[in-house]
Amino acid sequence: MNHTAGRTAAVEQAAEVLRQGGLVAFPTETVYGLGADACNDAAVAKVFAAKGRPSFNPLIAHVTGLAAAEALGVFPVAARTLAQAFWPGPLTIVVTRRENCPVSRLASAGLPSLALRVPAHPLALALLQAFGGPVVAPSANASGRISPTTAAHVRASLGDAVDMILDGGPCQVGVESTVVSFLHGTPRLLRPGGLARETIEACLGMTLSEAGGGPLHAPGQLESHYAPRATLRLDAEAPAPGETYLGFGTHAHGPHTLSASGNLIEAAANLFRLLHDLDALGMNRIAVAPVPATGLGEAINDRLRRAAAERPS
Ligand code: AMP
Ligand code: MG
């Protein structure tokens, strides 16, 4: 088998791993990403478990092009202008999710927004093409470690948590994508990265406003989080009169359960979807079963506490 055929076979195999709900690390022009089917709640939950993040940050969904991106999110004119100028490339664009957007709510950490990017690496694009849907991919390193720019970094940091690594050699940019949000009128720079602010501003003919002060977040900045319309009561052994119960494991009363078997990855996969469903059903008071604080339980409890503390403004 020649080199190209070997690559094609590896890409096909990687796409199949994604279809099965597995994790594939792949090279982008910025860093190696830890990829999962963006529309599969359980696969997205595995990404958080593998990285060992203590809370759920929203993930970037990688797509093949602007048309695929616009099927998932609502692009204002300026966002489309940037996408046309810089995609494929190290630019992530945050927009409002379309109604019926199939991307897992966990990937958006329950927020009404979605981050989208078209990577410039040929292997990344080949994988996205072969898979045929959006792929979430945060950097393929354990939380708190440096971002991986080689396949060896990925193996050293994540070990067996990743099902397959597509090895494309060292990444070129080595810093993460620049993140620009179009959620609140004027575009905002949420995270500086591989595409310079000045280049973006020259393209738009306007300055980017700063992230701080708004309801968005980037690392180290004010953090936004999902807040349901209903009030939440946590660590509830059972529902009080008038409450809808969100069960877990042996604590199950009624039809809504994070995980009947007490599996924390399953609970993470279901968390935001169930909260959104209960909001949509018009439930005003939700009592949530105790969830252990081990493994993904730490991130689940973190988000539940924030959701219980805040009302949307
Ligand atoms: P990483 O996946 O580690 O490269 O980081 C993803 C970056 O995109 C972080 O800075 C997030 O804050 C940002 N991001 C991802 N999704 C969203 C979203 N829905 N709303 C706002 N920021 C987002
Ligand atoms: Mg990272």
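Both ligands and their constituent atoms are indexed starting at 1 by order of listing.
For the ligand labelled ligand 1, residue Leu190 lies inside the 4.0 Å heavy-atom shell. Ligand 1 lies within reach of Ile60, whose nearest heavy atom is under 4.0 Å from it. Residue contacts with ligand 1 include Arg53, since one or more of its heavy atoms lies under 4.0 Å from the ligand.
Near Ser113, with a cut-off below 4.0 Å to any heavy atom, the atoms of ligand 1 are 18 (C), 19 (N), 20 (N). Near Pro138, meaning under 4.0 Å from any of its heavy atoms, are these atoms of ligand 1: 2 (O).
Checking Arg273 against Ser104 by side-chain atom types alone, no donor-acceptor pair falls below 3.5 Å. The closest side-chain donor-acceptor pair between Asn141 and Ser139 falls under 3.5 angstrom.
At a heavy-atom distance under 4.0 Å, no atom of Ser108 approaches ligand 1. With a 4.0 Å cut-off on non-hydrogen atoms, Leu114 touches ligand 1 through its backbone and not its side chain.
Of the possible donor and acceptor atoms, one in the side chain of Thr178 sits under 3.5 Å from a partner among the backbone N and O of Leu195. Using a distance-only test at 3.5 Å, with no hydrogens or angles considered, a donor-acceptor pair links the side chain of Asp279 to the main chain of Ala230.
Placement of Leu183 and Val74 in two distinct hydrophobic clusters is found when ILVMFWY residues are connected by side-chain heavy-atom separations under 4.5 Å, directly or transitively.
Taking the six-membered ring for Trp and the full ring otherwise, the centers of His276 and Tyr226 sit less than 6.0 Å from each other.
Residue contacts with ligand 1: Arg191 is placed with a nitrogen or oxygen under 3.5 Å of a nitrogen or oxygen of the ligand (distance criterion only).
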